[in-house]
Number of protein chains: 2
Amino acid sequence: MLDKIKSARAGLRKSEQKVADAVIEDPDACVQSSIQSLAQRALVSEPTVIRFCRALGCVGFQQFKLRLAQDLASRDAFFYQDVTAEDSSRDLAGKLLDGAIASLVQIRNQLNHEALELAIELYENCDRVELYGSGGSAVVAQDAQLKFFRLGKPAIAYSDPHIQHAAAALLDRSALIIAISHSGRSRDILRTVEIARGMRAKVISVTATKSPLAEQSDVCLSVDILEDSDVFSPVKSRLGQMVVLDILAVGVAVRGGEQMLEQLARARRAIDFKFL
Amino acid sequence: MLDKIKSARAGLRKSEQKVADAVIEDPDACVQSSIQSLAQRALVSEPTVIRFCRALGCVGFQQFKLRLAQDLASRDAFFYQDVTAEDSSRDLAGKLLDGAIASLVQIRNQLNHEALELAIELYENCDRVELYGSGGSAVVAQDAQLKFFRLGKPAIAYSDPHIQHAAAALLDRSALIIAISHSGRSRDILRTVEIARGMRAKVISVTATKSPLAEQSDVCLSVDILEDSDVFSPVKSRLGQMVVLDILAVGVAVRGGEQMLEQLARARRAIDFKFL
DNA sequence: ACCGCAAGGTAGTTATATTACTTAAATATG
DNA sequence: CATATTTAAGTAATATAACTACCTTGCGGT
């Protein structure tokens, strides 16, 4: 809804734009106020507010307020809370799940679509894929390998840094590597990427924005999750990384058109019965 | 809010309970209707509706409606949609993320807290943990191993079914196994669990409710995610499994009290700089 | 300069929420 | 057991908010 207002703004009349600005400036206040106070704040008349609502496809001010309220609610429904020693297992489950959900919501709001497009193109122009991740990120790399190797090009994941170095030294310009790291500051992964780039391989990173790793890659799919408070390893960024890689893989598959999707679905069914 | 109404219902007066029932019966209709229509539907007078709102801590009907609307919005903000070949990469990312988020929300709403308590107890009473998962679930098992081996007892994950069989045959009553499977119907995992139970080991399963695997385990942490439409492997249930296992591990840690949490946090920081 | 049309405001109407008051019911008390 | 007292719930009145119809202003075209 808020996005809708922003994109519709240009097509509105002058006074209605004032209303739009007032709403955008403080949407929370807006849902609680009446037509009058909103009109005052926007320095327009009340009917103008109504016309503004109609322009956005609502029958009236009430409906507009309702929709906006729902929009705001879904924006920050799941907020992160620290786990404490006093928590019951019930509290704890709720907090951890809310935190995980919040992190995915954050990714949804921040995902760089241009980068995604570029990443898809890099895959399409490569001959083979290698996935590098260590520690917790090794799990993500392995998961992604399962997806990518079904897309028709060889895909392999390495978790040992030394093997990563060796593998990177054997790459060429037709290779694509996907480097996964939470912080984007691990020495090992940076060295690996350096070697790979030396061999003219393309690099997609799945890591934190503006980290050294992000800087050194052709495309960075950002996963910026604060994990100060995670008791263990950064589960949340791992979830985010997995989903982002899933999006990349599905994005590639969708470029292949309906028949590729169909083929993949069949492959999946075949595996399902046997393995899971 | 809806839960609040349900729990507050008993403490309300008779006619206010009628209102509560009307709201619970059709909350969606409620947010769109006026005081009048709601009063009619509940067969009470309009002031009674207001008194009901006040009893719930709202200043008036409007605020009540707003809060209810926001509650409903956050309930099903992220609904699942099929990916089609016509989707842009932007559409696709949104759909996949919404689906992933929706699946976590579902887990939050359905998580069995008694089972979680029992699972924590099983861990506390065991001497060592083995994690079994094949295919996609191998990734989850490996991820969970990283968490559990920091809790002070040996933890190991096996992904090869034959090795799982062999390992299970070497267990005893002090061992705990965590069996991970999307469907809970894989022959291999069922056979492994059968062997393990024969050796009197305890079994926690992370799988679909009422599946054969769930039936054969001491405790089942349910992860019921429909994945008919996932193009690839079941990412969503994998996310769910990972989060559920994280909850279990953190639950165990929290039982260890403040100092255990502190110790784990320190361990995490030490690893962070080196590995991620 | 005049006409026409669109934008935006004024004033009035209707609907809606809220208050004050009254009646009915239930419980306590002599 | 009848009467007082408190509480619950409805009626009627009022204030307020939302919406409609209409009117004025300003702009672009002939």
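In the text below, chain A, chain B and the rest are named by the order of the sequence lines, each starting its count at 1.
- Listed candidates were C:dA7, C:dT18, D:dC19. Nearest to the side chain of A:Ser15 is C:dA7.
- Using modelled atom types, no side-chain atom of A:Ser217 and backbone atom of A:Val203 make a donor-acceptor pair closer than 3.5 Å.
- Per the geometry, CG belonging to B:Leu66 stands 13 Å off P belonging to C:dA17, to the nearest Å.
- The residue B:Gln62 sits close only to the backbone: its heavy atoms come under 4.0 Å of sugar-phosphate atoms, none of a base.
- How far CD of A:Gln62 is from CG of B:Leu66: 9.0 Å, rounded to the nearest 0.5 Å.
- In this entry the distance linking CD of A:Gln17 with C1' of C:dA6 reads 15 Å, nearest Å.
- Between the side chain of A:Asp87 and the main chain of A:Leu92, no donor-acceptor pair closer than 3.5 Å is present.
- Distance CZ (B:Phe61) to C1' (D:dA15): 18 Å, rounded to an integer number of Å.
- Mapping B:Lys65 and B:Lys14 onto DNA chain C via the closest heavy atom, the residue that lands nearer the 5' end is B:Lys65.
- Checked against B:Asp21 for a salt bridge (Lys or Arg N to Asp or Glu O under 4.0 Å), the options B:Lys14, B:Arg41, B:Arg9 give a single hit: B:Arg9.
- For DNA chain C, the residues of residues 37-53 of chain A within the heavy-atom distance limit of 4.0 Å (strictly under) are A:Ser45, A:Pro47, A:Thr48, A:Arg51, sorted by number.
- Rounded to a whole Å, the CD atom of A:Glu16 is 10 Å from the P atom of C:dG9.
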- Task: Evaluate the side chain to side chain contact (heavy atoms under 4.5 Å, CB included) criterion for residues B:Ile5 and B:Phe64: first the C-alpha distance (whole Å), next the side-chain angles of each, then the deciding distance (0.1 Å), finally the verdict.
- Result: CA-CA 11 Å; B:Ile5 297 174; B:Phe64 167 76; 4.1 Å; yes
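- Between the P atom of D:dC19 and the CD atom of A:Gln36 lies a distance of 13 Å, rounded to the nearest Å.
- For A:Asn109 (side chain) and A:Gln106 (main-chain N/O), no donor-acceptor pair under 3.5 Å exists by modelled atom type.
- Here D:dA15 presents its C1' atom at 14 Å from CD1 of B:Ile35, a figure rounded to the nearest Å.
- Look at B:Arg13 and you won't find any side-chain N or O under 4.0 angstrom from OP1 or OP2 of C:dA25.
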